[in-house]
Amino acid sequence: MENISRNNIPRHLAIIMDGNGRWAERRGLSRNEGHRAGMKKVEEILEACIDLGVKVLTLYAFSSQNWKRPRREVNFLIKEFERYIDEEMDKLNKKSVQFRVIGRIRVLSPKLQEKIAKAMKRTKNNQKLVLNLAINYGGQEEIVDTAKELIRKVKDKVFSLGDIDINLFRKYLYTKGLPYPDLLIRTGGEYRISNFLLWQIAYTEFWFTPTFWPDFNKDEIIKAIDSYKRRERRFGGLKSRIKGLED
Ligand code: IPE
Ligand code: IPE
Ligand code: MG
C-alpha cells in the first residue's frame, strides 16, 4: 500500500470526519469517548497527508447544525478543540504546519477565540501543509457571510455591484487564498455533504467509505487517492485539453 506514486496527489484534501458516535456505541462506550478517539486520529491522518505530499487538509469537525445535539456532547466537543490547540500547537509548528480555522468563530467563547487567533498567528508562515479545521462551519452560512461582506464593500465603494463575479466572490470566502478541494472523503457510511464547503466542491472528486472516523487510516487515504488518480477531471471541458481551469 505504501507504494504510491507521488504524481497527481490531491493538493487539497477535505474530510468529513463522521462516525465517532456509532464507533463508540458499537463498543459500549459513550459518544464522547468516540469524539475523544476521533480527535486522537487527527495527528495520524495529518502525518499521512504530510508524507503523501498533500498541501491543504480541511477537516470538518463541528457543523453549524451540530449545536442541535445535547449540551453535554456539544460542550465536550468544544473542550476537545481547546485541548487540541493547547496540546498540539507546538507539534504542528515543529512540523511546519499552518493552522487555520474556518467557520463562524465569533460566536465561540472569547477564550477559544483567543486560542485560535494565537495559534493562527503563530503558525501563519509555515509552509509544509495548511490544516484547516472547520468549527461551527456551514457552507450555506459561509455563502451568506460572504455575500454580506461583499454588500458592505459595495456600500463602502471599495468596488461596484458590477465587479462582483465568481473570482471576486471566491476572495471573500472563509477559504480565501486556498485552492479548492481536489478530493473530498466522507467516513462513516453516509452519502451526503451535510453543509460542507458547498461553494468550493463544484468540481471536487468524492470518496465515501463506511469506515468510522476513529478507524480511518493511511491505507484508506491511499486507496482514495489511488481512485482519485484514475479519474479524468474535465471541469466541463473536453478530455485533457483543459489545463489550469481548476483554480
Ligand atoms: C462526527 O461524528 C463528529 C461530529 C459531527 C461532531 P458523529 O458524532 O456525527 O458520529 P455519528 O455519525 O453519530 O456516528
Ligand atoms: C457532519 O456530520 C458534520 C461533521 C462531521 C462535523 P453529521 O453527523 O453532523 O451529519 P448528518 O447529521 O449525519 O448529516
Ligand atoms: Mg454523524
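In this text the structure is predicted, and so the values were computed from the model without any measurement. Atoms within each ligand, like the ligands themselves, are counted from 1 in listed order.
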*Report the part of A61 in contact with ligand 2, treating N, CA, C, O as backbone and CB onward as side chain, heavy atoms under 4.0 Å; options are side chain, backbone, both, neither.*
backbone
*So does R83 pair up with E80, basic N to acidic O under 4.0 Å?*
yes
*Are side-chain N/O atoms of E141 and N136 paired as donor and acceptor at under 3.5 Å?*
no
_Taking atom 10 (O) of ligand 1 as the reference point, the nearest protein heavy atom with its distance_ = G21 N, 2.9 Å
*Say whether, by atom type as modelled, one donor and one acceptor occur between the side chain of S64 and the main chain of Y137 under 3.5 angstrom.*
yes
_Which residue and atom name correspond to the protein heavy atom nearest atom 12 (O) of ligand 2, and how close is it?_
R192 NH2, 4.5 Å
*Could you pull out, from D18, I135, N20, N66, the option with a heavy atom nearest to atom 9 (O) of ligand 1?*
D18
*asked:* Applying a heavy-atom cut-off of 4.0 Å, say which part of R186 lies close to ligand 2: side chain, backbone, both or neither.
replied: side chain
*Between the candidates E190, R22, R69, Q65, which shows the shortest non-hydrogen contact distance to atom 8 (O) of ligand 2?*
R69
_As an exercise, identify every atom of ligand 1 less than 4.0 angstrom from a heavy atom of L77._
6 (C)
*Find out whether the Lys NZ or Arg CZ of R100 is both under 6.0 angstrom from the six-membered ring centre of Y174 and within 45° of the ring's axis.*
no
_Any atom of ligand 1 sitting under 4.0 Å from a heavy atom of G19?_
yes
*asked:* Taking distance alone, with N or O pairs closer than 3.5 Å, would you say W23 contacts ligand 1?
replied: no
*Answer side chain, backbone, both or neither: which part of E25 comes under 4.0 Å from ligand 1, heavy atoms only.*
neither
*Before accepting this row, confirm whether a basic side-chain N of the pair E149/R152 lies closer than 4.0 Å to the acidic partner's carboxylate O.*
yes
*Tell me whether D18 has at least one N, O or S atom under 2.8 Å from the Mg ion (ligand 3).*
yes
*Have a look at ligand 2 and work out which part of F62, if any, has a heavy atom under 4.0 Å from it: side chain, backbone, both or neither.*
backbone
*Should the ring pair Y203 and F235 be called parallel, tilted or perpendicular, given that the plane angle runs from 0 to 90° and is split at 30 and 60?*
tilted
*Step by step, would you call K115 with F81 a side-chain contact (heavy atoms from CB on, under 4.5 Å)?*
CA-CA 10 Å; K115 284 184 189 201; F81 303 140; over 6 Å; no
*For M17, take its heavy atoms, then give the atoms of ligand 1 lying under 4.0 Å from any of them.*
1 (C), 2 (O), 3 (C)
*Near S194, which atoms of ligand 2 are under 4.0 Å from a heavy atom of that residue?*
1 (C), 10 (O), 11 (P), 14 (O)
*If we only count heavy atoms from C-beta on, is the S63 to N66 side-chain gap below 4.5 Å?*
yes
*Go through the steps to decide whether I225 and K229 satisfy the test side-chain contact (heavy atoms from CB on, under 4.5 Å), and finish with yes or no.*
CA-CA 6 Å; I225 292 181; K229 285 171 170 227; 3.8 Å; yes
